[in-house]
Amino acid sequence: MSAQHIPEKFEPTAVEKAAQAFWESTQAFKVSEDPSRPKYYCLSMFPYPSGKLHMGHVRNYTIGDVLTRFHKMRGFNVLQPMGWDAFGLPAENAAIQNSVPPAKWTRDNIAYMKKQLQSLGFAIDWSREVATCDADYYKWNQWLFLRMLEKGIAYKKTQVVNWDPVDQTVLANEQVIDGRGWRTGAVVEKREIPGYYLAITDYAEELLGDLDTLDDWPERVRLMQANWIGKSTGVRFAFPHDIRDASGALIGDGKLWVFTTRADTIMGVTFCAVAAEHPLATLAAQNNPELAAFIEKCKHGSVMEADMATMEKEGLPTGLTVRHPLTGKPVDVWVGNYVLMSYGDGAVMAVPGHDERDFHFAQKYSLPIEQVISEKDAEGRDKPFSTDAWQEWYGTKDGYCVNSGKYDGLGYTAAVDAVAADLKAAQAGDKKVQWRLRDWGISRQRYWGCPIPIIHCDDCGSVPVPDSQLPVVLPEDCVPDGSGNPLNKREDFLHVDCPQCGKAARRETDTMDTFVDSSWYYARFTCPNNDQAMVDARADYWMPVDQYIGGIEHAILHLLYSRFWSKVMGDLGLVKYREPFKRLLTQGMVLNHLFSRRSDKTGIEWFAPEEVELQHDASGRVTGATALRDGQPVDYGGFGTMSKSKRNGVDPQSMIETYGADTARFFMMFASPPEQTLEWSDAGIEGAHRFLKRVWNFGHVVSTVVRPQLPAQATLGSAKLPDDLAALRREVHLLLRQANYDLGKQQFNTVASATMKMLNALEKGPRDSSIAAEVIVECFGILLRVLSPITPHVTHYLWDALGYSKDILAAEWPEPLEAALAQDEIELVLQISGKTRGAVKVPAQADRAAIEAAAVASEAAQKFMEGKPAKKVIVVPGRLVNIVV
RNA sequence: GCCGAGGUGGCGGAAUCGGUAGACGCAGCGGAUUCAAAAUCCGCCGCCGCAAGGUGUAAGGGUUCGAGUCCCUUCCUCGGCACCA
């Protein structure tokens, strides 16, 4: 243990370069399977290589790195990989703008962003780096897709897409602005084209049920997934009819299918409502212009959720009639704007007596409202049924059937069973589970994605590419120009022989949804170099991911698809896990001040925070802001997410260059708990930097003043310390205990603050004796280790330079010592009748009686008890004593 | 509308089982150092009050020796969503 001299001045750049060089030379983060140690797979969501890192990345990866380094020091075998979600639309857009091939643009971005990540000192095993645009990665997308085809999980059907008639291309939803193509301004059409689907609905039950096993996921994410999957248990049945089209064919084989969760109310049906796109609506509109206009309006109606919530229920009669399946009575069919074609069969039975929407609709159009459910009140009498108190009636499952013939008196479950049985007997329906979840369409009519491995042959149809011909490699020199998929012009790619008959055939040019790429990358990180198999036994060692970290915006799609993919891979015998992510942390977004000015000429003009000056009142509250440019006021809009358009983004690169990676990391961890939003603050960055300078300075003091006083033989274990040193040592160990507790909670802001408190205590403590030197060296060693996952560079340097050991990452994580925490005398809070009135000091071993006596005898007690006797004395051991007068 | 999270100083945020509310940091104020400034260091910093003390965790009520924390009612903010039959 040889200590070096630590210079006075803290130079982050040099310190960080040196630390990173050390990690590089020792291959510090490269890991392999080691069954002798517990493993910890720590994964942050891999970035899209958009060009450069943004603050969200820095926050995300810092959280992951803190957990990685903490677990490494705790003795875990930790894997933290990194890769690139490299396919996607922005690369094509960049290509259109700059005439650069998406491949080159993407790989340049990857190279730059990788440098940025490395400059932040993340403990990443770069030997496992994966980019989804590499053929040796996406080969396995194709391979698994073929397995899914074999199993029937992947299948082909037509899909509705947004079609730009000018560019002759399919548009993504975000490329459609106000119904027009984003580049051409042409009115977008709906087109039906064939595409491939994955039967995620086959796994709906398991995807829903297994949510209960994900105890370490945020509750809200599980709820969002459950709602998305949307399971409803009910009855699907048909209203028979004789409605025929012009050619005389029965519409829907003479059946109007509906789904209901309230089959017990079937005798209360007073009409049916169908969606605007329903075949019966289409038929009725043929000689009814008013209805045709209404249907047209519904189709173009807003699908915005805010409109939906306030939308008036509207409808029109079709003039068509179906028959009630149990009573045979005629039932009128209406078109209702509140019925969705995309859910169930696009039609509902309407029971206005017991359903809110049906009720509003019936009221508006004066349709009959009938009671078929009743309920007893507390006195056992039937509650009155009245349309004035309709709120009390819809939705309730607590009542029993009335006015329902043979079902009268049955409760909800019994009535549903009886009705379902009768419908089944009449061959009119049966119980059914209805899902909101839809199968996953993965075909994209885009260039920059994984080719779907299919060959179209005139004779053999759509033929899967044989495994031996995988991967189907995407030509990388295409430059999309916005009009159609450039693969359609690549003759060398298109022309291929049919694998079945050998005749000339044509390659599929659709590519896969990029969500496919990200649905299994975490498994590939365990064995990225295997060119013989998608995954191997190494996945059994590392998977599942112990800690996954990413944005809440992926709460539904990415996480659901990954869960689905895991189950499919499991069923194919490729992996042993059913759920890929054991624990999930969804980090909050990074916000910054918003400044704008509204003018009639230019609309809203946004100001970057560095372009304005804030005005404060005497108390420091922000009262306004002015532009530096012209001194005129600008509107202060509070905090909002960092965005280019609002000009409030902060480039991490400039922050790293100014203050260093450690400062950036410390600020990110300190400013707020990981799940909450983080408000950007230049002053906060300064504060973080100030703290690290103080840490450095204390290291300098230890190297120059403290260490030279160290005795040859350590005495700390046995010696009785002077009071001030015992207090210092105890405080640091208490803070350590707190920090360890907070790390378990993943509450890193208070871990950071614990290190600040340690330094405050050390700076104030004595340092001019050999025993003090021993205490300081022990305590500073604790501080450095607790701080090291957050600011690894400066702590690496100080740990080494002060001679603790070569590599702080290899050091053991500190635990508080009982000997340091023990104290002879403790201070208890003194309350008189529940009000705090000071404190009493008692020996640590004092029993209840002694504490009571000491409390009553204390000066404060005498003063505030005013001579009255104590009615009761409450003693909370180690905390307080309360004298009730 | 429904579901979820939350409401604590000028600000970000602490407070593990109900036990000294406001830790730590930022901003602000005062002082030291300096020719001066920056940097640094020391001190103050919820509100009312000269003080003793009182009061205070969105509002109101309750349970308790004791409530930011538990229960009830109301209000507000943010996030998510599906008119899902």
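Reminder, nothing fancy here: chain letters follow the sequence lines and each chain counts from 1. Below, each value reflects all heavy atoms present in this structure, side chains not excepted, and no hydrogens, waters or symmetry copies. Since the model is a prediction, treat every value here as computed from it, not as a measurement.
If you check every strand for non-hydrogen atoms under 4.0 Å, A:Gly687 touches sugar and phosphate atoms only. A:Arg436 comes within contact range of at least one nucleobase, with a heavy-atom separation under 4.0 Å. At the heavy-atom level, A:Arg737 lies nowhere under 4.0 Å from the strands shown. Residue A:Asn760 is classed as a sugar-phosphate contact, given heavy-atom separations below 4.0 Å to backbone atoms only. At a threshold of 4.0 angstrom between heavy atoms, the contacts of A:Asn749 are confined to the sugar-phosphate backbone, with no base atom among them.
Distances shorter than 4.0 Å separate some side-chain N or O of A:Arg690 from OP1 or OP2 on B:C26. In this model, the phosphate group of B:G1 is not approached by any side-chain N or O of A:Arg357 to a distance below 4.0 Å at OP1 or OP2. OP1 and OP2 of B:A67 both lie 4.0 Å or more from every side-chain N or O belonging to A:Gln831. For A:Ser232 and B:A85, the shortest distance from a side-chain N or O to OP1 or OP2 is below 4.0 Å. Contact annotation: A:Lys872 reaches the phosphate of B:C65 (side-chain N/O to OP1 or OP2, under 4.0 Å). For A:Gln738 and B:U16, the shortest distance from a side-chain N or O to OP1 or OP2 is not below 4.0 Å. When the side-chain nitrogen and oxygen atoms of A:Lys432 are compared with OP1 and OP2 of B:A85, none of them lie within a distance under 4.0 Å. Put simply, A:Arg837 has a side-chain N or O that comes within less than 4.0 Å of OP1 or OP2 on B:G54.
Comparing B:G53 with B:G61, their P atoms are spaced 27 Å from each other, to the whole Å. Rounded to a whole angstrom, the distance from the C1' atom of B:G56 to that of B:A5 is 25 Å. Taking the P atom of each, B:G4 and B:G13 are spaced 23 Å apart, rounded to whole Å. Comparing the P positions of B:C45 and B:G22 gives a spacing of 12 Å, expressed to the nearest Å. Between B:U8 and B:U55, the distance separating the two P atoms is 23 Å to the nearest Å. Rounded to a whole angstrom, the distance from the P atom of B:C11 to that of B:A82 is 36 Å. Look at the C1' atom in both B:U16 and B:U69: the space between them is 12 Å, to the nearest Å.
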Under the criterion ring-ring contact (aromatic ring centres under 6.0 Å, His included), I'd like the reasoning laid out for A:Tyr365 against A:Phe271: C-alpha separation, chi angles, the key distance, then a yes or no.
CA-CA 11 Å; A:Tyr365 296 106; A:Phe271 62 100; 9.0 Å; no
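For B:G1, its base never sits under 3.5 Å from the side chain of A:Glu356 at any donor and acceptor pair.
B:G53: Watson-Crick or G-U partner is B:C48, with both key distances under 3.5 Å.
Ranking B:G19, B:U20, B:C84 by closeness to the A:Leu340 side chain, first place goes to B:C84.
Side-chain polar atoms of A:Tyr741 and A:Gln747 form no donor-acceptor pair below 3.5 angstrom.
Atom pair A:Asp355:CG and B:G1:C1' shows a separation of 14 Å (rounding to whole Å applied).
In this pair, A:Tyr338 and A:Phe361 present their aromatic rings tilted. The plane angle is within the 30 to 60° band.
Closest approach of A:Ile63 and A:Gln587 over heavy atoms only: CD1-CB, 3.6 Å.
Across A:Leu211, A:Leu207, A:Leu437, A:Leu557, a single residue satisfies side-chain contact (heavy atoms from CB on, under 4.5 Å) together with A:Gln225, and that is A:Leu211.
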